[in-house]
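These notes are about the structure you will find just below.
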Amino acid sequence: MIRSLPPATAFLLALTCATTGCRPAADTAADLVLRNAVVYTVDTLNPRAQAVAVRDGRIIYVGSDSGLASVVGPRTEVLDLAGRMVLPGFHDTHVHPVSGGIELGECTLTPAESLEEVVRIVRDCATRGAPNAWVRGGGFPLPVFRNGSPRRALLDSLVPDRPAFFTSSDGHSAWVNSRALALAGVTRATPDPVSGRIERDASGAPAGTLRETAIDLVSALLPAYTDDDYLAGLERGLAMAARVGITSLQEANAEEPVLRAYARADSLGRLTVRALVNLHVDLARGAEQVVELTGLRDRYARGLVRPVGAKIFMDGVIEGQTAALLAPYVDRPGYLGELNVSPGRMDSLVHALDSAGFKVHVHAIGDRAIRTALNAFEAQRARDGGAGPRHVMVHLQLFDPADIPRFAALGVVASFQPLWAYYDSYMRDLTEPRLGPTRSTHQYPIASMVRSGAVVAAGSDWSVSSMNPLEAIQVAVTHRALDDSTGPAWLPEERIDLPTALRLYTLGGAVASDEDSLTGSITVGKAADLVVLSDDLFARPAYQIGRARVLLTMLAGRTVYRDSTLSTPVR
Ligand SMILES: [Zn+2]
């Protein structure tokens, strides 16, 4: 169960904390005490402490070691952390644990950083499985292929006699071989589907790369996953989340089988995060589907599972020229990219979803996608005066700067992927050539958004990129590659400092998920969602933040991950 404190109680506890040095009112012993630690609370009333005490899944004490005497009883587990850091559990406000976890169980290309590695892994996978079975997987990085467009001829040479299907790490492209295309009946005569593209060679024949909805032409043939596949995928994703300190997340996109996996995991007591699930909205349909989404929400809501979000894909990605821009792609004159949903339909969907109490969760990459979604939120606000739920926009890559202040004005959460904000091969080879030099400086304006007063949160988009919040926090602070300690920072004015980056991944996420009375800071009365790190992040150079390790992750006082190097209790 999520045990949510009524706001008035939370306020009283905070007041008690402020006036008494955070001692519990009741004379009851703690279940667990973390002492001799660097506690960074993300609570402005009481920002730093040495010790935290937990009872019945709640934080009952935040203060100095010397004040612990009143809460340590004969059965209290006491962990001496020897100067290690304690933080609130991390919030990942956009992540795909189920599909990412399923991918981990398939032919995963995520570890590959070069074409040679992609080739080696695919060749190896082709030696496994039944003779006629699909060779399937995902996670290849687009930049290892020229123009982000892998060719079927290469895949034919690696997998000549079985159908093969791989999604790119961002999920917006697929690489298929000739066998797969033949089974799907995709030929030079096949037109591009709505909101999709079949990349073609000079003769017009399918070249082997499918974008966006064109992926479905082949993926529709893949054997369906079972409920057990979904649950196993979720559990792989959850294990990774626990290892990197995530205690709350927003599932980015769930159709019913994905939602069911969360509900099953919760019922089995195996869910190790608070999960806000964003239900998939079918953009080919209109507002009438909101009745079905409401049914799903009512049927599967339980325990740690809150299916209260609805996901809308406004556009695609700049690298594949599928993001919707206000001005044409530099390398494709006259072409603006497409919105997946017309402004009129977006308006009616937002109206219906907001009225039904859904938090709308919008994928928006291009400046036109961002503006169109903001316009829809503005129209809804004009109707109801902002009485509806808090909505969230994610990715937020390319801005017209005029749209930045609108997030605060409309009460819309800006959720970024800070790990993407540096000059990598995507930026150099695929993004800048499409946007040109001026627009390229209008990407990921995290610092500007924070200054605007908007609620800002962060997420990984795993399995698109690493789930580790510490790596994303490092890049948010440095705007350099993880292994780059000295190079120039990319768009340095949009860097944020460490306290701000930590807030994005804790309290910012809690506000985005309407959990801030329960999580997001180490505050007496809140749930004991806590992380112990190997190092004090403030005591090491910013370029080493990502190397700190999570040693302990707790959800409501329950240990969901514990590193073997963390010492056993002293008593
Ligand atoms: Zn995503």
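Order of appearance sets the numbers: ligands from 1, and atoms from 1 within every ligand.
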| Just checking, R297 and F358: is the charged tip under 6.0 Å from the six-membered ring centre and within 45° of the axis? |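 The answer is yes, since R297 meets both limits relative to F358.
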
| said: Tell me whether the NZ or CZ atom of R332 lies within the 45° cone about the ring axis of Y335 and under 6.0 Å from its centre. | reply: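 R332 over Y335 ring: yes.
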
| query | Can E235 and R270 be counted as an ion pair, charged N to O under 4.0 angstrom? | reply |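 Yes, this pair counts.
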
| query | Do the ring centers of F313 and H363 come within less than 6.0 Å of each other? | reply |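 Under 6.0 Å, so yes.
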
| said: With a 6.0 Å cut-off on the ring centroids, do F145 and W175 count as close? | reply: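 Centroid separation for F145 and W175: below 6.0 Å.
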
| request: Find out whether T247 and T553 are in side-chain contact, i.e. whether some heavy atom of one side chain is under 4.5 Å from a heavy atom of the other. | output: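 Yes, their side chains come closer than 4.5 Å.
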
| Under-2.8 Å neighbours of the Zn ion (ligand 1), protein N/O/S atoms only |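 Considering protein N, O and S only, the Zn ion (ligand 1) has 3 within range.
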
